[in-house]
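Worksheet: one structure, shown below.
Residue numbers start from 1 in every chain, and the chains themselves are labelled A, B, ... in the order their sequence lines are given, proteins ahead of strands.
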There are 2 protein chains.
Amino acid sequence: MEDLTKVFKALSDPNRIRILKMLESRALCLCEISFILSVANSTASQHLSILKEAGLVIDDKDGKWVNYALTAASASVYVNELMPLIKKWLIDDKTIKADRKKIEAADRKILCS
Amino acid sequence: MEDLTKVFKALSDPNRIRILKMLESRALCLCEISFILSVANSTASQHLSILKEAGLVIDDKDGKWVNYALTAASASVYVNELMPLIKKWLIDDKTIKADRKKIEAADRKILCS
DNA sequence: ACTACATTTCGGTAAATAACGAAATGAGAT
DNA sequence: ATCTCATTTCGTTATTTACCGAAATGTAGT
């Protein structure tokens, strides 16, 4: 029960939904995410840790950077069944589309400095 | 986006999940729900209004009583796709099973007085 | 109209949450 | 070893949330 409500709680914040939808495009580092959301790095980091705790996201350290990505096969049954739904939802959402555009234009080397 | 996070927020509380799972058995009135959850009527009422706002639950006035039931075909796409998942989840959860037992034994005429 | 009773709304309190900036951590480069 | 810079953790603050009891609402029956 607690596992389930933890996943739903992770999904109940607009910024965290935006992060998940961003990660559909590609893996992103913290500063790309905080830039696109327009929040402090510490805030984005906190959101990512909540998504990680729920099993929705994994992190992959690459030297100085940490790449965040959607969990491909989560340990959580709930996550595995919810992910496909989330993927097909919000495709036409204005904010989500704008975020996607920003990701295409974003260059980590310029952003993160 | 807000529609979606509203649904997830509604689902992110254990007591509200318990209510949804209870309503799988049958429609229930407020006092049956607050009795089974062991919370004040006002608290249960608040939870139900959140579930109603999200489109997860409908209410059907029957004189003095208000019967709450799962929304059969919700206006929300999100609800319609999430409901079947929630229905098959938590079947073996201890609390959910205990709640179901209490519902079978519950008699509104005795409880609500 | 009055009573009884299920439900909702109101006012208040304690705990959880989202946000920030600053300080701490960790890994690559000099 | 030192510096740089991405990330995390810490301390704080404002907002939201879950809960309660009391008062208000609404409906059925007398």
Separation of B/Arg16 atom CZ from D/dT16 atom P, in whole Å? 15 Å
Is it true that a side-chain atom of B/Lys21 and a backbone atom of B/Trp89 form a donor plus acceptor pair closer than 3.5 Å? yes
B/Trp65 atom CH2 is separated from C/dA4 atom P, nearest whole Å, by 15 Å
Rounded to the Å, how far apart are B/Lys6 NZ and D/dT17 P? 11 Å
Could you state the CG-P distance from A/Asn15 to D/dT16, rounded to the nearest angstrom? 14 Å
So, do A/Met1 and B/Lys94 sit near enough that their side-chain heavy atoms are less than 4.5 Å apart? no
Write down the distance between CG (B/Leu48) and P (D/dA18), rounded to a whole number of angstrom. 13 Å
Closest approach of A/Ser12 to B/Thr5 (non-hydrogen atoms, all atoms of both residues): O-CB, 3.7 Å
Expected output: side-chain A/Asp62 to main-chain A/Trp65 donor-acceptor under 3.5 Å: no
For A/Lys61 and D/dA6, is the shortest distance between a side-chain N/O and OP1 or OP2 below 4.0 Å? no
OP1 or OP2 of C/dA16 less than 4.0 angstrom from a side-chain nitrogen or oxygen of A/Lys9, does that happen here? no
Can you tell me if B/Asn80 and B/Ser74 form a side-chain donor-acceptor pair at under 3.5 Å? no
Taking for each residue the nucleotide of DNA chain D with the nearest heavy atom, is it A/Val66 or B/Gln46 whose nucleotide lies nearer the 5' end? A/Val66
What one should report as the nearest heavy-atom pair of A/Glu24 and A/Ile86 is OE2-O, 3.9 Å
In terms of side-chain heavy atoms, does A/Asn67 have a donor or acceptor partner in A/Arg108 at a distance below 3.5 Å? yes
Name the closest nucleotide to the B/Lys64 side chain, picking from C/dC5, D/dC19, D/dT17. C/dC5
Between B/Asp60 (CG) and D/dT27 (P), how many Å, whole number? 14 Å
Atom-pair distance (CG on A/Asp59; C1' on D/dA6), nearest Å: 13 Å
So what does B/Arg108 hit on the nucleic acid, given a heavy-atom distance under 4.0 Å: a base, only sugar-phosphate, or nothing? nothing
Taking for each residue the nucleotide of DNA chain C with the nearest heavy atom, is it B/Glu32 or A/Ile50 whose nucleotide lies nearer the 5' end? B/Glu32
Does A/His47 have a side-chain nitrogen or oxygen under 4.0 Å from the phosphate oxygens OP1 or OP2 of C/dT17? no
Short side-chain N/O contact to C/dT8 OP1/OP2 from B/Tyr68, under 4.0 Å: yes
Positions of residues 35-45 of chain A (non-hydrogen atom under 4.0 Å from DNA chain C), listed by number: A/Val39, A/Ala40, A/Ser42, A/Thr43
Measure the distance from CG on B/Asp13 to P on D/dT16 and round it to the nearest whole Å. 18 Å
